[in-house]
Amino acid sequence: MRGNVFAVTALLFVALGVGVDLPAEAKEKPVVVGKGAVPVGLIRPSASVTAVEGATYVGSQSCRDCHSKEYTEWAASGHANMLRAVTPDIVKGDFANCEIAYEGVEVEAADKSKVKIAPKIKTETKGGNFFVTLLDMDNPANNQSYEVVEVLGSLWEQQYYLKVGDKIFPSPVRWVANDKQWRKVAFAPFWWVADGTADGRPKKPEEMPGKQTVDYQCNGCHTTNFIAKKDEQGKYAFSRLEGGIGCEQCHGPGSKHVDAQGDGGILNPAKLGTWQQEQLCGQCHIRVTSKQDKDFAFPLGFRTGQTDLQDKVEFWTYSTKPANFWGNEDAKKNRQQYHDTMRSGHMAAGVTCSACHLDHATKHLTSSLKLPREQQCIGCHTAQKAMFEGSVHAQKGVTCVDCHMAKMGSRAGATQKTPKDPWDVSAHTMRVVTPEEADVFKMRSSCDKCHSGAERSAKGSQLMGVREDVLNKTQRALQGTAISKENLNKVLMDGSLGAHNPQKTLQLLESKKK
């Protein structure tokens with residue numbers, strides 16, 4: 001019985017008269033949303049990228065003089081400030097001789113077995129520079145101190161890149177901006193080795209695993225024009241144009257554009273095809289392993305305008321990386337928006353990231369939304385807006401994104417202030433996960449922020465009951481003529497089976513045709 005409630009897509013096909021023998025009245029065109037509300041050209045073919053063929057990268061500074069407004073907006077964004085050389089004014093973490101103690105860090109012993117240790121770290125400032133020192137409490141001669149050379153992140157968390165010999169590694173410490181505290185859990189356990197003591201031993205520089213450097217694990221998404229080139233001996237050399245996501249990472253190499261003094265020779269992401277746009281963002285907002293070389297955690301050689309991302313990477317899934325996904329494949333961690341959107345109604349309709357997000361600026365909190373969150377959806381979803389108005393949720397200030405983009409993933413780690421990893425990442429499937437579904441997959445539901453325990457279960461059962469009732473009454477209405485076309489279309493175009501406003505939906509379905 002309850003399984004019928006999930007047949008929303010089939011119901012909409014019925015509404016449109018696709019492959020179903022319906023009364024003439026039900027086959028008439030449903031009510032459509034207001035003029036200009038839906039973006040034009042939702043599914044667009046790929047555009048030519050010949051404009052940048054043979055061009056080289058010139059750097060974001062080359063864009064500044066001619067595109068001052070866009071440059072200023074971009075310079076304040078999270079993309080521009082993703083990875084920067086360390087300076088005192090950008091470091092948010094506590095480096096005033098702060099000692100951090102970890103527990104349960106799993107490391108390898110000499111026999112390759114797994115051992116849990118409780119190491120300590122000290123963050124400090126010396127001579128105006130920032131250092132992370134890994135402590136060996138029983139033998140200080142084993143202490144290892146490394147200088148911070150780059151800072152990753154500016155909005156939610158800060159990670160600090162440490163120079164170890166001629167290589168750079170992500171540090172084991174991360175600063176959580178919201179709590180203004182260090183993470184409780186060490187980020188990278190490869191910094192230590194078990195030695196039979198409670199706190200283990202910090203690895204020596206020569207013991208550090210070369211394929212855990214930022215060039216293998218991070219820089220493909222945190223820099224512009226990152227290149228990994230292998231020589232005849234099979235050794236990689238790495239290069240990049242600049243830290244952060246620069247102009248050319250999205251617009252393509254700009255030498256031709258500069259030479260032509262702005263007359264062509266560049267790509268405008270807004271004019272690319274649907275899949276070109278989605279994969280442009282998707283190259284970084286994913287968790288993947290490179291097919292070219294499985295040691296890399298990002299696509300190698302992907303450029304603006306390409307649509308072969310799936311050929312360059314193996315996408316992580318619940319089966320391969322269960323810590324990153326819920327059992328229904330919804331994202332459980334940050335930077336997995338592309339995984340979600342690939343399974344969303346938005347992707348199926350060709351609605352790209354830029355329909356909701358600004359291309360350059362950081363606005364409306366930290367998510368770069370084009371509109372405030374309470375206004376973001378209603379420009380397109382006018383039928384749903386009309387149905388939702390006056391509902392219990394609407395009266396309590398609940399917005400579309402509270403349910404359809406509920407916080408289902410974790411970005412910032414736990415701190416002393418927040419003992420558990422916070423749910424601070426919005427889902428991008430755009431789909432509500434009911435308590436009933438959540439119980440099946442042992443996951444969060446879209447209702448968990450406001451409802452818990454027995455109330456959550458009761459609300460979930462109530463919702464499923466309403467939707468089943470609405471489904472049955474809608475099916476009967478489609479086969480009869482008692483209900484007016486206008487009222488029936490309101491229910492069909494809303495498409496929520498009563499979830500948006502149970503009382504109004506049932507009133508419409510129970511009203512008699514005049």
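Worth saying up front: this structure is predicted, and the values here are computed from it rather than measured. Just the heavy atoms: all of them, side chains too, but no hydrogens, waters or symmetry mates, feed the values below.
The only member of Val351, Thr352, Leu358 that meets side chain to side chain contact (heavy atoms under 4.5 Å, CB included) when paired with Ser354 is Thr352.
The closest donor-acceptor contact from the side chain of Glu248 to the backbone of Val58 lies under 3.5 Å. Between the Gln144 side chain and the Thr133 main chain, no donor and acceptor come within less than 3.5 Å of each other. With hydrogens and angles ignored, the 3.5 Å screen pairs no side-chain donor or acceptor of Ser445 with any backbone N or O of Ala438. In terms of modelled atom types and a separation under 3.5 Å, the side chain of Gln384 and the main chain of Asp494 share a donor-acceptor contact. A distance-only check finds no donor-acceptor pair linking the side chain of Thr418 to the backbone of Lys420 [under 3.5 Å]. Although no hydrogens or angles enter the test, the distance criterion places no donor-acceptor pair under 3.5 Å between the side chain of Glu314 and the main chain of Thr289. Gln276 places a side-chain N or O within donor-acceptor distance of the main-chain N or O of Gly305, the cut-off being under 3.5 Å. When atom types are taken as modelled, the side chain of Ser461 and the backbone of Ser457 share a donor-acceptor pair closer than 3.5 angstrom. Judged by distance alone, the side chain of Gln158 and the main-chain N or O of Ile90 form a donor-acceptor pair under 3.5 Å. Not one N or O on the side chain of Ser46 forms a donor-acceptor pair closer than 3.5 Å with the backbone of Thr307.
Lys120 has no carboxylate O lying under 4.0 Å from a charged side-chain N of Asp199, or vice versa, which leaves the two without a salt bridge. Using a cutoff of 4.0 Å between basic side-chain nitrogens and carboxylate oxygens, Glu147 and Lys126 are not scored as salt-bridged. A salt bridge links Arg456 and Asp439; the closest N-O separation between the charged side-chain nitrogens and carboxylate oxygens is under 4.0 Å. Between Arg201 and Asp136 there is no salt bridge, since no side-chain N of the basic residue sits under 4.0 Å from a carboxylate O of the acidic one. The pair Arg411-Asp421 does not meet the salt-bridge criterion, since no charged nitrogen lies less than 4.0 angstrom from a carboxylate oxygen. Salt bridge absent: Asp215 and Lys167 never bring a charged side-chain N and a carboxylate O closer than 4.0 Å.
In this structure, Tyr146 has its ring center closer than 6.0 angstrom to the ring center of Trp191. Between His360 and Tyr71, the gap from one ring centroid to the other reaches at least 6.0 Å. You'll find the ring centres of Trp175 and Phe95 outside the 6.0 Å limit.
From Gln279, atom CD reaches atom OG1 of Thr274 across 11.5 Å, with rounding to the nearest 0.5 Å. Atom NE2 of His357 sits about 5.5 Å away from atom CG of Leu369, to the nearest 0.5 Å. Separating the OG atom in Ser60 from the CD atom in Gln249 is a distance of 9.5 Å, to the nearest 0.5 Å. Here Met82 contributes atom CE and Glu242 contributes atom CD; the two are 13.0 Å apart, rounded to the nearest 0.5 Å. Interatomic distance, Thr213 OG1 to Leu162 CG, rounded to the nearest 0.5 Å: 12.5 Å. To the nearest 0.5 angstrom, Glu70 atom CD is 13.5 Å from Arg64 atom CZ.
Atom NZ of Lys114 is surrounded by more than 12 heavy atoms from other residues, nucleotides or ligands within 6.0 Å. Residue Lys291 qualifies as enclosed at atom NZ: its count of foreign heavy atoms under 6.0 Å is above 12. More than 12 heavy atoms of other residues, nucleotides or ligands sit less than 6.0 Å from atom NZ of Lys203. Environment of NZ in Lys204: sparse, with no more than 12 heavy atoms of neighbouring residues, nucleotides or ligands closer than 6.0 Å.
The side-chain heavy atoms of Val149 and Ile168, taken from C-beta on, include a pair separated by under 4.5 Å. Phe238 has its side chain out of reach of Asn219: every pair of non-hydrogen atoms, C-beta onward, lies at least 4.5 Å apart. With contacts defined as side-chain heavy-atom distances shorter than 4.5 Å, the pair Gln283/Leu280 qualifies. Side-chain contact check for Leu135 versus Glu99: some heavy-atom pair is nearer than 4.5 Å. The closest side-chain heavy-atom distance from Asn178 to Trp156 is not below 4.5 Å. Residues His339 and Glu329 are not in side-chain contact: their nearest non-hydrogen atoms beyond the backbone lie 4.5 Å or more apart. Within the 4.5 Å cutoff, the side chain of Asp94 has heavy atoms near those of the Trp182 side chain. Side-chain atoms of Leu309 and Pro299, non-hydrogen and from C-beta on, do get closer than 4.5 Å to each other.
Between the side chains of Asn328 and Arg343, not a single donor N or O lies within less than 3.5 Å of an accepting N or O. Looking at Lys407 and Ser426, their side chains do bring a donor and an acceptor atom within 3.5 Å of each other. Side-chain atoms of Thr415 and Asp179 form a donor-acceptor pair, as typed in the model, at a separation below 3.5 Å.
A ring pair (Phe, Tyr, Trp, His ring centres under 6.0 Å) check over residues 418-444, counting only residues at least two apart or in different chains, returns the pairs Trp326-Trp423. Every pair passing ring pair (Phe, Tyr, Trp, His ring centres under 6.0 Å) that includes a residue from residues 274-301 is listed here, sequence neighbours excluded: Tyr216-Phe296, Phe226-Phe298, Tyr236-Phe296, Phe296-Phe298.
By the salt bridge (Lys or Arg N to Asp or Glu O under 4.0 Å) test, Lys417 pairs with no residue at all, sequence neighbours left out. Partners of Asn324 according to the side-chain contact (heavy atoms from CB on, under 4.5 Å) rule, which considers only residues two or more places apart in sequence or in another chain, are Arg287, Trp316, Lys321, Lys333, Gln336. For the side chain to side chain donor-acceptor pair (under 3.5 Å) test, residues two or more places apart in sequence or in another chain that qualify with Glu157 are Arg174, Arg183. Listed by chain and residue number, nothing satisfies the side chain to side chain donor-acceptor pair (under 3.5 Å) test with Ser319 (two or more places apart in sequence, or in another chain).
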> Could you go step by step and tell me if Leu83 and Tyr161 meet the side-chain contact (heavy atoms from CB on, under 4.5 Å) rule?
Replying inline: CA-CA 10 Å; Leu83 183 64; Tyr161 286 0; 3.4 Å; yes
> ring pair (Phe, Tyr, Trp, His ring centres under 6.0 Å) between His346 and His404: does it pass, once the steps are laid out?
Replying inline: CA-CA 12 Å; His346 273 180; His404 288 273; 9.5 Å; no
>> Run the side-chain contact (heavy atoms from CB on, under 4.5 Å) test on Val401 and Cys377 for me, step by step, so that the C-alpha distance in whole Å, both residues' side-chain angles and the decisive distance to 0.1 Å come before the verdict.
In response: CA-CA 8 Å; Val401 296; Cys377 310; 3.9 Å; yes
>> Please evaluate residues Ile100 and Cys98 with respect to the criterion side-chain contact (heavy atoms from CB on, under 4.5 Å), reporting the C-alpha separation (whole Å), side-chain torsions for both, the decisive distance (0.1 Å), and the verdict.
In response: CA-CA 7 Å; Ile100 309 159; Cys98 181; 4.3 Å; yes
>> side-chain contact (heavy atoms from CB on, under 4.5 Å) for Phe169 and Val214? Distances and angles first, verdict last.
In response: CA-CA 5 Å; Phe169 290 84; Val214 296; 5.7 Å; no
> Can you check side chain to side chain donor-acceptor pair (under 3.5 Å) on Asp402 and Thr399, steps first, answer last?
Replying inline: CA-CA 5 Å; Asp402 289 319; Thr399 67; 3.1 Å; yes
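For the pair Lys332 and Phe325, the cation-pi test (distance below 6.0 Å, angle within 45°) is failed.
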